[in-house]
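Worksheet: the structure to be examined is printed underneath.
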Amino acid sequence: MQELTHYINGSHVKGQSGRFADVFNPATGEVQAKVPLASTVEMAMAVDVAADAQPGWAAVNPQRRARVLMKFVDLLNRDMDKLAEALSREHGKTFPDAKGDIQRGLEVVEYCIGAPQMLKGEFTDGAGPGIDIYSMRQALGVTAGITPFNFPAMIPMWMFAPAIACGNAFILKPSERDPSVPLMLAELFEEAGLPKGILQVVNGDKEAVDAILDHPTIQSVGFVGSTPIAEYIYGRGCSNGKRVQCFGGAKNHMIIMPDADMDQAADALVGAGYGAAGERCMAISVAVPVGDETADRLIEKLVPRIEKLKVGPYTAGDDVDYGPVVTAAAKEKILGLVQSGVDQGAELVVDGRDFSLQGYEDGFFVGPHLFDKVTPDMDIYKQEIFGPVLSTVRAQSYQEALKLAMDHEMGNGTAIFTRDGDTARDFASKINVGMVGINVPIPVPLAYHTFGGWKKSAFGDLNQHGPDAFKFYTRTKTVTARWPSGLKDGGEFHFKAMD
Ligand code: NAD
């Protein structure tokens with residue numbers, strides 16, 4: 001049994017708390033490693049190392065820092081297959097999807113190579129007689145991030161790439177379900193030239209998270225995960241005076257108008273609903289066809305596509321559509337919610353409950369499910385299922401569909417499928433959701449735009465990556481300077497406007 005470590009001060013360090021969590025191979029159900037769960041003392045050791053290392057890194061000029069990121073990109077490409085294999089083995093997602101996970105993180109590293117440009121301050125020459133005003137963006141110091149299991153490469157990189165490009169040290173507390181790739185990323189970044197102590201990985205659970213939230217040296221906390229934990233971390237982190245951004249759960253609606261290309265909509269729904277076993281915060285989990293006729297046509301197109309889905313382990317080849325869910329507990333929760341849908345009167349059109357894969361009977365595989373005639377009072381509508389379960393809620397008009405999506409407490413992503421530009425424009429303008437797709441089912445913005453939801457899907461005012469990341473990971477300092485004579489004339493006692 002492999003015993004994983006922390007990555008502190010440039011070395012793999014064994015856990016000292018005596019507490020461990022099991023890391024499964026979700027395809028076989030076997031425990032393949034155990035991951036140490038850090039104590040408050042272990043977290044404090046990493047914080048001390050980071051605090052010592054950070055001023056030196058912040059003093060490196062931004063272009064030289066960017067060169068380390070350039071080299072890191074090269075190494076990510078060099079080791080892409082190795083990283084993807086480790087990722088699939090612990091997470092369960094297909095091999096091409098694991099590469100996508102790394103790629104979408106890598107793209108944010110590439111974007112952060114532009115840090116020298118992003119960190120340039122502002123300057124006003126001659127704001128008053130002999131007076132200049134300029135602003136600088138300075139690193140925060142020691143920063144930290146807490147990440148979910150579902151994108152073990154992408155989301156850590158979304159946090160640590162901008163943090164480090166800005167001159168901060170970063171402590172990552174990855175998900176305890178799939179911690180190997182984050183450890184590999186920290187090693188690779190140092191191979192690229194990052195000084196020791198600037199990126200550390202401290203594995204753990206609530207104790208490690210609370211140690212981050214309460215440590216006075218840590219200046220900012222980024223979190224991605226479920227909404228209840230996001231809310232908790234935001235509250236505790238903010239009340240301790242930290243800068244905090246938390247991204248939570250989702251329930252993404254896709255509206256299908258009667259004029260939509262129904263084949264295109266059905267293809268999009270199958271990919272967005274069942275890809276990665278539905279374990280994506282941008283997965284579509286609610287289809288909202290407008291009108292019964294649209295709904296009937298859509299279901300007719302969906303059923304054969306869903307029945308054809310190939311579910312299997314990542315080792316079974318690139319034509320596998322999706323793999324197992326992450327744990328037995330996740331599987332149990334998903335099947336429990338499916339049962340609640342049946343009990344509460346939804347129509348289970350595709351029933352994956354009996355799904356079993358020969359040779360992988362102990363794996364955490366869940367067959368695809370499709371519900372029709374779901375109503376907003378049902379648990380399968382209200383809760384995030386995070387599994388391969390698509391719910392169809394029939395709306396009788398565009399207005400009703402719009403209201404449905406707007407009334408849901410989650411607001412991460414949404415999409416509309418239509419051929420009508422006016423409807424699409426109205427939807428994009430009115431919907432209270434952070435990321436909107438028009439004939440695009442999973443509208444994840446690219447690295448140079450920002451990513452973030454609204455409502456209970458996000459807490460804090462800045463998004464991930466894009467220009468917001470450079471704001472989140474720096475403080476603005478504004479200097480008003482006067483040279484050389486004015487001070488000799490004595491003090492200035494009145495708060496004056498600039499002449
Ligand atoms: P999770 O909330 O269970 O765990 C996320 C992190 O929080 C992990 O590192 C975990 O160790 C830690 N954690 C768990 N319980 C804790 C507690 N009681 N106290 C302190 N820390 C705790 O989420 P998950 O199951 O790993 O990930 C899936 C969730 O993440 C889904 O809800 C999904 O929608 C969401 N997600 C959101 C986004 C986004 O950008 N909005 C992206 C990816 C995933």
Side-chain angles (χ1 to χ4, degrees), residues 19 21 23 26 35-38 40 43 90-93 101 104-105 108 144-159 171-179 182 201-214 221-237 244-252 276-285 325-327 329-331 333-334 337 383-387 408-414 433-435 442-445 450-460 462-466 468-469:
R19 295 195 307 123
V23 179
V35 60
L37 302 174
T40 307
M43 182 61 76
E90 286 184 356
H91 176 285
K93 66 175 74 173
D101 188 328
R104 291 305 285 267
V108 170
I146 299 149
T147 51
F149 80 85
N150 68 331
F151 283 99
M154 179 183 87
I155 293 175
M157 284 194 260
W158 283 10
M159 294 182 184
I171 296 175
L172 173 65
K173 204 304 282 171
S175 170
E176 59 273 47
R177 313 252 176 267
D178 43 16
V201 180
V202 180
N203 284 303
D205 57 2
K206 182 171 164 51
E207 182 174 344
V209 170
D210 288 347
I212 288 174
L213 296 174
D214 295 342
V221 180
F223 171 85
V224 178
S226 59
T227 288
I229 311 297
E231 230 167 343
Y232 164 71
I233 287 178
Y234 193 70
R236 187 153 169 175
V244 189
Q245 59 174 188
C246 294
F247 299 89
K251 195 76 180 177
N252 304 322
E279 290 176 323
R280 291 184 181 135
C281 68
M282 289 292 278
I284 295 288
S285 48
V325 298
V326 69
T327 54
K331 176 173 175 171
K333 182 189 160 200
I334 294 162
L337 276 162
Q383 291 186 34
E384 181 181 36
I385 303 174
F386 227 52
H408 202 283
E409 64 170 357
M410 298 297 183
N412 211 39
T414 187
V433 170
M435 291 168 283
I442 304 193
V444 177
T450 73
F451 179 108
W454 286 16
K455 299 187 276 185
K456 292 263 183 195
S457 294
F459 304 84
L462 289 170
N463 279 352
Q464 301 195 81
H465 61 69
D468 276 10

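What you see below is based on every heavy atom in this structure, not just the backbone, and it leaves out hydrogens, waters and symmetry mates. Whatever order the structure lists them in is the order used to number ligands and atoms, beginning at 1.
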>> Whether the side chain of T227 engages the backbone of G249 through a donor-acceptor N/O pair (distance < 3.5 Å, no angle test) should be reported.
In response: yes
> Listed by chain and number, what are the side chain to side chain contact (heavy atoms under 4.5 Å, CB included) partners of E207, not counting sequence neighbours?
Replying inline: R19, S39, T40, D205
>> Taking E279 first and then K93, would you say they form a salt bridge - that is, a charged N and a carboxylate O separated by under 4.0 Å?
In response: no
>> Is it the case that atom NZ in K331 sees more than 12 heavy atoms from other parts of the structure closer than 6.0 Å?
In response: yes
> Measuring from each atom of ligand 1, which residues have a heavy atom under 4.0 Å away?
Replying inline: I146, T147, P148, F149, N150, I155, K173, P174, S175, E176, K206, V209, F223, V224, G225, S226, I229, F247, G248, G249, A250, C281, E384, F386, N412, F451, Q464
> Of all residues at least two apart in sequence or in a different chain, which pass the side chain to side chain contact (heavy atoms under 4.5 Å, CB included) check with A469?
Replying inline: P162
> Who are the side chain to side chain contact (heavy atoms under 4.5 Å, CB included) partners of I229, not counting sequence neighbours?
Replying inline: F223, S226, I233
